[in-house]
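To start, the structure itself, in structure tokens.
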Amino acid sequence: MKPDRCPSAWCEIHRDRISSNLKLALGLVPKGRKFCAVLKADAYGHGIHQVVPLIQAQGVSCVGITSNAEAYAVRDAGFDGVLIRLRAATPLEIDDAVGAGVEEQVGSLQVAEKLHSLKAAGHTVRAHLALNASGMSRDGLEISTPQGRTICFSILKMLVEDIVGICTHFPCNEPEDLRQTAASFQDQVSWVFENSVLDRSQILVHAGSSLTLVSDEAVETDMYRCGAILYGILKPELGFQTTMEVKARVASLGDYPKGATVGYDRDCRLEGDRRLACLSIGYANGFRRGSHTDAAVVIGNRLAPVLGKVSMNTVVVDATELDDVQVGDEATVFGGITGTRASLTTTEQQFRTIMADLYSDWGLRNQRIFR
Ligand SMILES: *Cc1c(COP(=O)(O)O)cnc(C)c1O
């Protein structure tokens, strides 16, 4: 659809805050270690084209993505540094990503064979050996078993010249768990070096995400791969700021009597005469349908509780207590400022999920306005 001059709901993206979060994050990276900016899910809903210039301005030379569309968008935005895919790719994806110069994860024979055959056809794809290390059991190779070690030997045999990295992803960043998983990863990395001709000084050993970077537990890694931290989802106490606001408008106001029911399935019944506002946002805009019981939005600095079930394109709120609210007024679903409603914590509770989930959903469903 074309850009809408009067969008029903929209995301305001604060580019200056992304830059300031990045600066803070880079300041946390221990000396000599690298930083990879994770821009999957269209930069967590913020728009790859807008975020790439910001990370380039601060010299970030590595980007992580998952889909080919993201890889090509990152290149199209002018990024010519290292581009790593953060999951296993299908053979078709690998073929299609050659033009974007994507470095692929290899944690299975199938991917190794695919990369090997591409090389025979004249296309060398750089690879990162993905280890599970008792971690996510997502797409990393578990080499604690004899079977896994056999596969590892085959991968190393096929791709030894093309492996530029060894990586894992931590499932949990609680200190004790992180310490154990990081140690088990390092043991497995050592095993790989002992059992191959790979040269430690030429290989990037990387693990750890935003939560690892802000953890008090020091973890051995050559590079941190961080997404969440750029968008202010974590550690507001360290100065990180949320980077997206979600807003809609009051589309109509009406007075309804005591006993009237509100919304589908008559899920809510008015206990008194109320003035209700209908907002131009619904579950199609990412205002989750499962969120109705304790949800609220902010209108003119006041809280307006959501009543009844969320509809596809509208939400009804109680506006009785709001003075001089008018049709066309802004309603803030997420404003992000700590200590207020529509902040990080209240919003995660209200929508029963994490901000990364909400950001990527909101950003992809609504028009984005860049500040
Ligand atoms: C998403 C992802 C990251 C970044 O995680 P954040 O918590 O957003 O920093 C890092 N590594 C991998 C493999 C990922 O999938």
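One-based numbering, in listed order, for ligands and for the atoms of each.
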Do any side-chain atoms of residues 275-284 form donor-acceptor pairs under 3.5 angstrom with protein atoms, and if so which ones, sequence neighbours left out?
unit_1 : atom_1 : unit_2 : atom_2 : d
Arg275 : NE     : Asp255 : OD1    : 3.1
Ser280 : OG     : Ser8   : O      : 2.7
Ser280 : OG     : Arg249 : N      : 2.9
Ser280 : OG     : Arg249 : O      : 3.2

| said: Heavy-atom contacts with ligand 1 below 4.0 Å: which residues, ordered by chain and residue number? | reply: Val38, Lys40, Tyr44, Leu86, Arg138, His169, Ser209, Ser210, Arg225, Cys226, Gly227, Ala228
| query | Tell me, do Gln186 and Val205 make a side-chain contact under 4.5 Å, heavy atoms counted? | reply | yes
| So, are Asp329 and Lys247 salt-bridged, with charged N and O less than 4.0 Å apart? | no
| query | Do Asp162 and Lys119 sit within salt-bridge range, that is, some charged N less than 4.0 Å from a carboxylate O? | reply | yes
| message | Show me the pairs that pass ring pair (Phe, Tyr, Trp, His ring centres under 6.0 Å) and involve residues 131-177, at least two apart or across chains. | response | Phe153-Trp191
Donor-acceptor pairs under 3.5 Å, side chain of residues 235-243 to any protein atom, not counting sequence neighbours: which ones?
unit_1 : atom_1 : unit_2 : atom_2 : d
Thr242 : OG1    : Gly336 : O      : 3.4
Thr243 : OG1    : His46  : NE2    : 2.6
Thr243 : OG1    : Tyr231 : O      : 3.2

